[in-house]
Amino acid sequence: MAVIKYTMHFDGDEVVELENPTIDDVLRWVKKLDGEKNTIVAVQLNNGSTAEVGGGTGGRYKVNTRVNGQVFDLASDISNSYERIPLIVCEDLCFYPEKYIVSLEQALAAMRHFCTTGELSPEFAWSSDQDYYPFEPETRSDAEPPWL
């Protein structure tokens, strides 16, 4: 069983760091993401694995994890599009392919599973492709397919 070692999230303009929070704390903070003042919840487990949920604007979220040194993005079950969706994450305007934008329900379920097991939820698709660059919508990763 995984143990949450550390979290960081925004509470308005304040950065809140906490050691040993509960899974319920983490899920409550994810529900408060609004894409304006509360834009990220980051978790580190005792085994060193990490996960972040960002966004919140219009019910859109971005989830990524680092497990065993490898980064994974939670993939949407709705779209495979590379159309860029703007989200405020950690006070930065980022542009993510729509294929990695998920619902609140997906973000909560993925975080619950990660915080409980330290693993990626098998009920969702995860991608380890580094196929986007989030800070400039016109800049593409070498792995990103050409625009249609």
Side-chain angles (χ1 to χ4, degrees), residues 1-10 15-35 38-137 139-147:
M1 180 172 164
V3 174
I4 303 170
K5 179 178 179 179
Y6 167 84
T7 61
M8 183 280 292
H9 70 279
F10 289 144
V15 175
V16 179
E17 298 175 291
L18 186 63
E19 293 184 11
N20 305 311
T22 68
I23 292 171
D24 289 337
D25 291 332
V26 171
L27 299 178
R28 185 176 67 252
W29 299 326
V30 169
K31 290 176 186 176
K32 289 184 178 181
L33 292 174
D34 62 12
N38 302 310
T39 59
I40 191 166
V41 175
V43 173
Q44 180 181 8
L45 302 181
N46 61 345
N47 68 2
S49 295
T50 61
E52 297 177 352
V53 179
T57 304
R60 299 181 308 230
Y61 300 83
K62 171 74 177 64
V63 178
N64 67 284
T65 64
R66 181 179 297 270
V67 177
N68 297 322
Q70 190 170 4
V71 175
F72 297 91
D73 291 303
L74 178 58
S76 169
D77 61 357
I78 298 170
S79 174
N80 284 322
S81 172
Y82 277 87
E83 178 183 344
R84 297 303 174 99
I85 304 298
L87 285 181
I88 303 292
V89 176
C90 202
E91 297 185 331
D92 291 324
L93 178 60
C94 298
F95 298 86
Y96 297 107
E98 186 176 37
K99 66 186 278 178
Y100 298 122
I101 302 300
V102 300
S103 69
L104 176 60
E105 292 77 22
Q106 289 173 294
L108 290 169
M111 287 299 283
R112 180 179 295 111
H113 187 86
F114 177 81
C115 291
T116 302
T117 68
E119 299 174 0
L120 304 177
S121 175
E123 74 179 281
F124 298 117
W126 295 86
S127 174
S128 62
D129 296 335
Q130 303 226 341
D131 58 354
Y132 63 90
Y133 180 74
F135 299 110
E136 299 171 11
T139 303
R140 293 187 295 126
S141 161
D142 291 340
E144 183 176 346
W147 294 107

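The structure presented is a predicted model; accordingly, all values stated were derived computationally and were not measured.
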So which heavy atom on [X] is nearest to which on [Y], and how close?
X      : Y      : value
Glu17  : Met8   : CG-CG, 4.1 Å
Phe95  : Arg84  : O-NH1, 3.5 Å
Leu74  : Ala110 : CD2-CB, 3.9 Å
Val53  : Tyr61  : CG1-CD2, 4.1 Å
Cys115 : Ile23  : CB-CG1, 3.7 Å
Thr65  : Ala51  : CG2-CB, 3.8 Å

_Any Val16 side-chain heavy atom under 4.5 Å of Trp29 side chain_ = no
_Inter- and intrachain pairs under salt bridge (Lys or Arg N to Asp or Glu O under 4.0 Å), touching residues 38-64, at least two apart_ = Lys62-Asp73
Drop me the distance from [X]'s [atom1] to [Y]'s [atom2], to the nearest 0.5 angstrom.
X      : Y      : atom1 : atom2 : answer
Thr50  : Leu45  : OG1   : CG    : 8.0 Å
Ile85  : Glu83  : CD1   : CD    : 5.0 Å
Leu93  : Ile88  : CG    : CD1   : 4.5 Å
Thr116 : Met111 : OG1   : CE    : 10.5 Å
Leu27  : Leu104 : CG    : CG    : 9.5 Å
Glu19  : Thr7   : CD    : OG1   : 9.5 Å

_Working note: Glu91 + Phe10, criterion side-chain contact (heavy atoms from CB on, under 4.5 Å); need CA distance, chi angles, decisive distance, verdict._
CA-CA 9 Å; Glu91 297 185 331; Phe10 289 144; 3.6 Å; yes
_Can you list everything that forms a side-chain hydrogen bond (donor to acceptor under 3.5 Å, both in side chains) with Glu98? Sequence neighbours excluded, please._
Ser79
*Partner set under side-chain hydrogen bond (donor to acceptor under 3.5 Å, both in side chains) for Asn47, not counting sequence neighbours*: Ser49
_With sequence neighbours excluded, residues passing salt bridge (Lys or Arg N to Asp or Glu O under 4.0 Å) with Arg112_ = none
*Just by modelled atom types, is the Cys90 backbone N or O under 3.5 Å from a matching donor or acceptor in the Thr39 side chain?*
yes
_Pair Val63, Phe114 - check side-chain contact (heavy atoms from CB on, under 4.5 Å), show working._
CA-CA 11 Å; Val63 178; Phe114 177 81; over 6 Å; no
Side-chain donor/acceptor pairs under 3.5 Å, residues 122-129, sequence neighbours excluded:
| unit_1 | atom_1 | unit_2 | atom_2 | d |
| --- | --- | --- | --- | --- |
| Trp126 | NE1 | Ser121 | O | 2.9 |
| Ser127 | OG | Tyr100 | OH | 3.1 |
| Ser127 | OG | Asp129 | N | 3.1 |
| Ser128 | OG | Gln70 | NE2 | 3.3 |

*Not counting sequence neighbours, which residues clear ring pair (Phe, Tyr, Trp, His ring centres under 6.0 Å) with Tyr133? List them please.*
Phe135
